[in-house]
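Encoded as structure tokens, the structure appears first; notes follow it.
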Amino acid sequence: MSNKAAIYAGSFDPITNGHIDVISRAISLFDEIIIAVIENPGKTPLFSRDERMALIKEQFKNHDKVTVEGFQGLLVDYAKQKDVFTLVRGLRAVSDFDYEIQMHHTNLALQKKIETIFLMTDPKYAYLSSSIVRQLAALKGDVTDFVPKHVHNALQSKYKESQHA
Ligand code: PNS
């Protein structure tokens with residue numbers, strides 16, 4: 001029997017309940033989900049890539065179908081290196097569609113084997129993004145419903161650190 005794997009790539013700065021919803025549903029569709037965390041030289045994230053990966057690993061520590069890896073460069077090159085050509089993306093709203101289709105077509109132009117599976121996010125998370133979470137946390141807004149407890153704690157420590165910096 002062939003092992004059906006998929007890559008769920010992103011910045012995850014930090015992982016939110018919206019991402020977790022997509023991953024949890026992808027777990028039921030695939031034998032293995034590789035969560036690929038980008039090191040994007042063009043961006044200064046709130047959490048380092050190691051911190052972002054640690055927060056994801058903590059969330060999925062009891063799921064043997066989930067692996068967490070870092071990558072940099074083109075996603076299609078990473079996919080080729082893993083020999084996994086199925087990508088999973090979450091779609092929150094029509095506003096995501098333009099960007100997602102552009103990314104899919106670019107990836108496809110670079111690598112003919114690429115397929116992207118889109119999962120519609122739970123309506124509860126239709127407005128949720130890592131940037132909204134960062135913004136709320138920075139302004140001491142309540143993010144309890146948007147991220148798991150350990151991510152909430154990490155956000156609090158991060159913003160305490162930056163106040164003392
Ligand atoms: O969390 P995000 O920002 O929605 O994730 C976007 C990501 C990391 C999947 C995308 O930016 C990406 O694939 N970056 C790698 C560079 C690349 O392959 N670019 C070509 C496709 S646009």
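Read the numbers this way: they start at 1 and go in the same order the structure lists the ligands and their atoms.
Ligand 1 has no N or O atom lying under 3.5 Å from any N or O atom of L110, backbone or side chain. Some N or O of R89 is nearer than 3.5 Å to an N or O of ligand 1, by distance alone. The shortest N or O to N or O distance between S11 and ligand 1 is below 3.5 Å.
Separation of atoms CD1 (I33) and CZ (R25) is listed at 12.0 Å; rounding is to 0.5 Å.
Heavy-atom contacts of M103 reach the following atoms of ligand 1: 10 (C), 22 (S) (cutoff under 4.0 Å). Residue N107 has at least one heavy-atom neighbour below 4.0 Å for each of these atoms of ligand 1: 20 (C), 21 (C). Listed by number with element, the atoms of ligand 1 under 4.0 Å from a non-hydrogen atom of G10 are 1 (O), 5 (O), 8 (C).
A donor-acceptor pair shorter than 3.5 Å can be found between the side chains of Y78 and E69.
Partner of I15 under the side chain to side chain contact (heavy atoms under 4.5 Å, CB included) criterion, chosen from V37, I35, V147, I23: I23.
Among all non-hydrogen protein atoms, the one lying nearest atom 18 (O) of ligand 1 is L75 N, 2.8 Å.
No more than 12 heavy atoms of other residues, nucleotides or ligands lie within 6.0 Å of NZ in K43, so this atom counts as exposed by the packing criterion.
For the pair R49 (side chain) and F71 (backbone), a donor-acceptor distance under 3.5 Å is present. Here the side chain of D31 pairs no donor or acceptor atom with the backbone of A5 at under 3.5 angstrom. For the pair K158 (side chain) and F47 (backbone), a donor-acceptor distance under 3.5 Å is absent.
With distances taken over non-hydrogen atoms, the option nearest atom 8 (C) of ligand 1 out of I38, L74, I114 is I38.
Close to ligand 1: G73, with a non-hydrogen atom less than 4.0 angstrom away. Using 4.0 Å as the threshold, Y99 has a heavy atom nearer than that to some atom of ligand 1.
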